[in-house]
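Comments concern the structure below.
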There are 2 protein chains.
Amino acid sequence: MNVRTLCLAILSFGDATGYEIRKHSVEGNFSYFVDASFGAIYPALNRLTEDGLVTVRDELQAGKPARRVYSITPEGRRALMDALMQEPGLDSFKSPFLLVAMFASVLPREHVTRAIDCREAALERTLSSLSECLGEVKGCGAGGSEWILRYGIAVHQASLDHLRVNRAELEAVAGSRRVEREAAE
Amino acid sequence: MNVRTLCLAILSFGDATGYEIRKHSVEGNFSYFVDASFGAIYPALNRLTEDGLVTVRDELQAGKPARRVYSITPEGRRALMDALMQEPGLDSFKSPFLLVAMFASVLPREHVTRAIDCREAALERTLSSLSECLGEVKGCGAGGSEWILRYGIAVHQASLDHLRVNRAELEAVAGSRRVEREAAE
DNA sequence: ACGATATATATCGAACCGATATATGACGAA
DNA sequence: TTCGTCATATATCGGTTCGATATATATCGT
């Protein structure tokens with residue numbers, strides 16, 4: 001999934017600034033399955049503008065920096081549809097927490113516990129945010145958006161449930177190789 | 001999570017070639033929560049070698065290309081521990097399938113159905129692979145590895161279950177805006 | 001002979017990240 | 001009053017990573 005397609009997708013719902021596009025990819029309906037940095041969004045928007053898939057207009061606003069508002073063109077809509085008609089590639093998932101969990105036996109127990117706590121909190125925040133988006137989208141005929149939000153809620157809830165039920169086991173593993181290592185040294 | 005840390009982590013379990021490191025990140029215990037391309041692994045290994053965190057020896061083998069086998073140094077082990085002692089950052093998750101699902105209403109039903117089928121197949125493959133890894137790891141005292149494999153199985157199973165139970169709804173959404181669009185044109 | 005697969009190494013240009021910079025304003029704490 | 005934080009905004013940089021490609025050797029099937 002490239003950032004050009006993501007920008008087109010977000011703009012297909014309505015005009016937006018680069019900042020707002022980034023915001024959509026961090027909060028809102030898209031947020032749990034996409035991400036893109038400013039460092040990628042602005043160059044992508046520039047390329048899309050050069051290619052005629054997007055137009056941009058400047059808006060001055062008192063008291064704030066000027067806004068550059070991007071709009072998708074009909075050609076941009078066609079390009080988005082083309083991209084969506086490709087066979088979707090594989091999910092990408094990377095988790096620093098799980099790398100830490102894998103090495104729990106050689107890490108201090110407090111560190112592992114803290115990592116688990118952070119993860120629980122992060123999952124709770126995500127679930128809260130997805131539920132909020134679902135509340136706004138429900139009944140608006142936005143079937144696809146509603147479906148992916150329910151999917152996200154189900155998966156993150158399962159993740160949180162498993163973590164809570166099984167955290168004690170991970171904590172029991174934590175530090176279990178410490179004594180051995182110290183004795184060997 | 002950067003590729004240097006990932007290489008150190010994989011090498012901490014035993015010496016490996018660049019090819020094998022890539023293989024570990026695509027199959028095996030690590031596979032569902034990490035990924036790295038050859039384009040990233042080889043430069044990372046070179047930097048790790050320059051920095052003294054890893055050593056490399058050449059092995060000739062009849063009938064095959066020569067192997068460059070990398071080993072982690074004691075300094076490399078310390079660097080790995082340091083990295084693991086940092087607070088883990090957020091998960092990264094990107095899903096082209098979910099982008100397609102979000103736009104299901106403007107996509108042909110057959111395309112959406114195919115995308116769902118591919119996703120089911122991919123989830124089944126992942127579950128099968130994780131279960132296999134779990135069978136090999138069980139009882140070996142590799143507590144952290146066992147824990148993350150069980151976590152991965154739980155989450156991917158929940159994902160597959162939800163997909164199977166709710167695919168009909170997504171299929172019902174698919175193409176639902178087609179008639180409207182054609183009428184408007 | 002060619003393509004696919006496996007074991008291996010390596011690199012390239014394009015894309016992306018994370019950090020940083022800049023601008024304006026509001027608000028709260030020292 | 002100043003500073004830090006937060007929010008709305010734009011933009012860019014150097015380093016990292018990706019995806020494609022190339023190379024080498026061997027085996028197998030069409």
Side-chain angles (χ1 to χ4, degrees), chain A residues 1-8 10-11 15-28 34-51 53-54 56-70 83 86-94 96, chain B residues 1-8 10-11 15-28 34-51 53-54 56-70 83 86-94 96:
Chain A
M1 186 194 310
N2 63 55
V3 176
R4 285 171 54 125
T5 302
L6 175 60
C7 289
L8 290 176
I10 290 172
L11 289 174
D15 298 353
T17 63
Y19 183 82
E20 281 166 341
I21 289 171
R22 162 72 174 155
K23 209 154 182 224
H24 278 291
S25 77
V26 168
E27 309 165 8
V34 304
D35 190 33
S37 64
F38 287 123
I41 288 173
Y42 285 110
L45 285 172
N46 289 336
R47 290 195 309 270
L48 288 168
T49 306
E50 283 164 21
D51 294 348
L53 306 188
V54 160
V56 61
R57 65 179 187 268
D58 288 338
E59 279 186 6
L60 299 181
Q61 49 181 352
K64 292 182 188 175
R67 292 160 46 103
R68 308 203 73 194
V69 182
Y70 296 85
Q86 305 304 309
E87 181 179 318
L90 296 174
D91 290 1
S92 155
F93 176 61
K94 298 180 186 180
Chain B
M1 186 194 309
N2 63 55
V3 177
R4 286 172 52 129
T5 302
L6 175 60
C7 288
L8 290 176
I10 291 171
L11 289 174
D15 298 353
T17 64
Y19 182 83
E20 282 166 342
I21 289 170
R22 162 72 175 156
K23 210 155 182 226
H24 278 290
S25 78
V26 168
E27 310 164 8
V34 304
D35 191 33
S37 64
F38 288 123
I41 289 173
Y42 285 109
L45 285 172
N46 289 336
R47 288 194 311 269
L48 288 168
T49 306
E50 283 165 19
D51 293 347
L53 306 188
V54 159
V56 61
R57 65 180 189 267
D58 288 338
E59 280 187 5
L60 298 181
Q61 50 182 350
K64 291 181 187 176
R67 291 159 47 102
R68 309 203 72 193
V69 182
Y70 295 85
Q86 305 305 310
E87 181 178 316
L90 296 174
D91 290 0
S92 155
F93 176 60
K94 298 180 186 180

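Being a predicted model, the structure only gives us computed values, none of them experimental. Chain letters run A, B, ... following the sequence lines, proteins first, then strands; residues in each count from 1.
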How would you label the contact of B/T17 with the nucleic acid (heavy atoms, under 4.0 Å): base, sugar-phosphate, or nothing? sugar-phosphate
Select base, sugar-phosphate, or nothing to describe what A/G18 touches, counting heavy atoms under 4.0 Å on all strands. sugar-phosphate
B/K94 side chain near C/dC16 phosphate (N/O to OP1/OP2, under 4.0 Å): no
Comparing B/N46 and A/S37 on DNA chain C - which has the more 5′ nearest nucleotide: B/N46
If the cut-off is 4.0 Å, is A/Y42 near the phosphate of D/dT10, judged by side-chain N/O to OP1 or OP2? yes
Check whether any side-chain nitrogen or oxygen of A/Y19 sits under 4.0 Å from OP1 or OP2 of D/dT8, and answer yes or no. yes
How is B/R22 classified with respect to the nucleic acid when contacts are heavy atoms under 4.0 Å: base, sugar-phosphate, or nothing? nothing
Quick one: is A/R4 getting a side-chain N or O under 4.0 Å of the C/dC16 phosphate, OP1 or OP2? no
Could you please spell out the steps behind the side-chain hydrogen bond (donor to acceptor under 3.5 Å, both in side chains) verdict for B/N2 and B/T5? CA-CA 6 Å; B/N2 63 55; B/T5 302; 3.1 Å; yes
Please determine if a side-chain N or O atom of B/R68 lies less than 4.0 Å away from the OP1 or OP2 oxygen of C/dA10. yes
Closer than 4.0 Å, any side-chain N/O of B/K23 to the OP1 or OP2 of C/dT9? no
Base, sugar-phosphate, or nothing for A/A44, non-hydrogen atoms under 4.0 angstrom? nothing
